[in-house]
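Here's the structure we're looking at; comments come further down.
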Amino acid sequence: MERKCTISVEHFVSLLLKCRKQRDLARSMETHLQIALYGYEAQAVLGNSLVQAYAVSGCMHDAHSLFNTLVDVDEYSWTSLIQVHVDCREYKHALALFHIMEKTVVQPSTYTFVAVAKACGHLKALDPGFCVHMKIVKMGLDGDSYIGNALLSMYIVSGSLVEAQILFDLLRTQIVVSWNILITGYLEHGLVEKSLECIDHMQLRNVSPNEITLIAGLKACSSLRAVLKGRDLHSKVIILGFDMDLSVETTLVNLYSKCVLPTEAQAVVFKLQASSVVPWNALITGYVENNSGKEALGCIDKMQLHGIPPNVVTFVCGLKACVITQDLDRGQELHCEIVKAGFDNVPSAGNSLMALYAKSGAILETCEVFNKLPNKSIVSWTSLISGFVDYGANEKALDCFEKMCVEGLAPDAAAFVCGLKACGSLETASMGRELHAMILAMGHERNLYVGNVLLDTYLKTGFFADGQGVFNFMPFQNVVSWNTLIAGYTEYGFSSDSLLLYNQMQLEGMFPDVTTFICTLKACGSAKEVSMGRQVHASIVFTGLESDGIVGNSIVDMYTKCGQLKEAHYVFDLLPSKSIVSWNSIIAGFSELGLSEDVLRLVDEMRIEHFSLDTTTYVYSLKACCSLKFIAHCQEHHEEIILKGLEGHPFIVSAVVDMYANCGLLREAQDLLDGLPARNVIVWTALITGYAEHGLSFEALESFERMILDGILPNIITYACTLKVCGNLSALYKGEEVHSRVTKEGLIDFHAEVYGKSECRFPNPDGAVEFEGTESLIFNSLIEMYCKCGCMVDAHYLFNLIPVADILTWSALLTGYARQGDTEHVLHLFDKARKTGIKPNEVMFLAILSVCSHGGLVGVGQHCFEAMIGEYLVLPALEHYNCLMDLLSRAGKLEEAVAVLENLPFGPDLVTWSTLLGASRNWGDVDLGRQSFEWVARLDEGNAAAYIVMSNIYAEAGMPASYSSLIASY
DNA sequence: GTAGGGTTAG
């Protein structure tokens, strides 16, 4: 009872104020109990304080129950309840309470309106906000500076900048706070220049800026990278005496860092001599943002020397710096320090650790950090997904994405970006579409990152129309969007479109960056557009980007792909620093043109310059060795590869098998292939072509069978080679089987209309195989196969289906008909080919000459031979001369045939002499017969037919002596 | 006042 006298109501009020400040619920409840014990419950002031104390501690329900028991609810009770909801960001609730209050007799005060205006602003609720404004005017409170600023703030926060400016101009007095609301408002809504204009205006009206104004101004300068204006504000800071204000100085550090003026940023920090970690962090962040990882880490050391311990932000930046410098060791040291300092449970630290490990390829550590995180936020999940994507584990990434959704976390824009990246790498269009639908449903489609990666995913999966649609409907495109489009078209062989896009983007005022140049150079290379390539090269020099390593390599690559080795070599020699990629680019150029000696010379040069050969280099040098048939050299290479442990690499494996197969070491090739744990289409194809090229047709077909049994899908090269073998063997049945395979796989389309390119989805382009020309290669191989097997009906049927017949198609068909002796078809087709603009080649002329000779069309044949040289400028080979001699001698023009023989530009071969031998028999020319026979016998010993023909000549000429001696010698 | 995950490229 004694205590009852000593504790006053005022004491309880101050006690509750303390509880409220410390959000100490337990003490609030204890105090509540005491108030009840003392019988003070009916005291209005205590009731209101209790309501506030409960509300700020999160016990809104208790606060409301208590509010309902209050005996006299006054303006203060209502306002404090509304205020508390606003503080807890429960704006809707606050507004609802205000509406209830309006129905009572209690009149709102200035404080009530300030709280309600804040709620309206955050709700972006313009109509209720305007009603509140009107009510204020009606009550004559609009002259109050406090209310005026609250309303100004309401319009700004809700984004109604025009209304805010009108209200601002109507304010009775514009104090510095009013100006600051306007200035920070413009800044936050991106109207950066406008906020700087306001700062100038306020000074003209003799309102002196305070630290809030200066911070806003400096921030504006940062985002505009406006160094001069920034320096101007810096001098204001000094004049007005804010140069020891931690916040102002930190913003200054940030400004100088963003403007890449590290010395000035440092000067600010050192001059400040503060013991706070924050300005140091601003400095470190600046270095990280400018990709100066080493300097950032140095700064962390220096800061500790000044006796300032790092905080979480410092560690986060430090980890980023380690990613930049690729210094995993230092990263792990930082990890230890983070654990020691007890920051390992802080989400941002954990997420940055994951980023470090993921970007260092340490996926296990990434997962470990993730598993240890107590609260896995959307950011943590995204870090994990991103880690899997970087690691190439795209399926795993998508699994995680699903798991994250199952756990009830709604993906945000960044999470979608990672998920889509996985889809793009997996080339799974269906999953990509699912994510796209989710993105639309959740309203993330306007995010630039999302748009760009969506575009990339559609292009990577071959859906050009959808990709173009995404691009067109983006709210705005940036340079990345254009780069993605350019790269996407090039990837599918539409390089000319890429080049048009490069021009178009510049017409639309978009400046190319490093990546644009890299992508465009690639397009120039694939399109062999060297003049455009030179233009791009000039632009690169103009922008001073030619010293960039990747750009330099791309220029070399462009020139080599265009076959301009001189220019490529010139650029290569001038590269400021050559990497293994530079060497590979130039080597690839020489390799492409079959200049094997140069390839090996360059490889030697790079060895001299202490570069270690990588898989790409080995592939080129192996190819060069084997085309030069440097077998010993090849084997040395193989040993070196084994020594380096590269023999398992898929590219190397196929190159080595190809090398052995090419050199005719087919046993070795076969053994190597059989010993592989898994074989791919490239290795099998290398073996099959090896067998085919060395005339081992049966082994080639057998390998094709084994490849199918191995479960490997052949590619067009495999099919073309196998069809050739079938033709050589006249293996019609096998050939037809291959035909039905390629049809089933859709490699040829019997109803081939020309596709609108954005409508169709192309098969995944195989690295080694150019997409363009796929179909005609298969068609030509099939036609040739049917021709060789004598099935001219099938050959001609396919010929009619081919979308565009090229010179090879015509040659194959003509040769086929010629082999059948079908003069009529050959002459007709020859005529048709010429009319469609085909310039006849040597193969077509051989076909013509051969049918003319068999059909006795001497005049036509002779005319053709003359036209071949005079009109079509095709140089005849020995085969053509042989045919001509055959043609003449069959027609009895033996002398003319001999004249051809005597004027031959080459040495005659077995066919020449056999032809003349046959002719001699037909026309009974013993001398020419004997001469021919002697040559045939010399060139092909044991040619029984020649003996028989010669003996017949002797017998028919009535020369028994010669006849019997020839028989004896035989 | 400083701070966590996300887009294109050899």
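All figures in this text were calculated on a predicted structure; none of them were measured in a lab. Computed from heavy atoms alone, side chains included, the values below leave out hydrogens, waters and symmetry copies. Letters A, B, ... are given to chains in the order of the sequence lines, protein chains preceding strands, and every chain is numbered from 1.
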Sugar-phosphate only, base, or nothing, as touched by A/I486 at under 4.0 Å among non-hydrogen atoms: nothing

Touch class at under 4.0 angstrom, heavy-atom based, for A/K376 against every strand present: nothing

Touch class at under 4.0 angstrom, heavy-atom based, for A/N584 against every strand present: nothing

Touch class at under 4.0 angstrom, heavy-atom based, for A/S377 against every strand present: base

Along DNA chain B, first and last positions that approach a heavy atom of chain A under 4.0 Å: B/dG1 to B/dG10

With sequence neighbours excluded, residues passing salt bridge (charged side-chain N to carboxylate O under 4.0 Å, His left out) with A/R446: none

Carboxylate-amine/guanidinium contact A/K522 A/E491, below 4.0 Å: yes

Touch class at under 4.0 angstrom, heavy-atom based, for A/T382 against every strand present: base

Sugar-phosphate only, base, or nothing, as touched by A/S582 at under 4.0 Å among non-hydrogen atoms: nothing

Sugar-phosphate, base or nothing in reach of A/V312, heavy atoms under 4.0 Å: nothing

Qualifying residue, where the test is side chain to side chain contact (heavy atoms under 4.5 Å, CB included) with A/T314 and the options are A/I308, A/L319, A/I300, A/L334: A/I300

Sugar-phosphate, base or nothing in reach of A/T314, heavy atoms under 4.0 Å: nothing

Pairing of A/K403 and A/D399 as salt bridge, 4.0 angstrom limit: no

ring-ring contact (aromatic ring centres under 6.0 Å, His included) partners of A/Y559, counting only residues at least two apart: A/H537

Check: A/F494 ring centroid to A/F464 ring centroid under 6.0 Å: yes

Sugar-phosphate only, base, or nothing, as touched by A/D412 at under 4.0 Å among non-hydrogen atoms: base

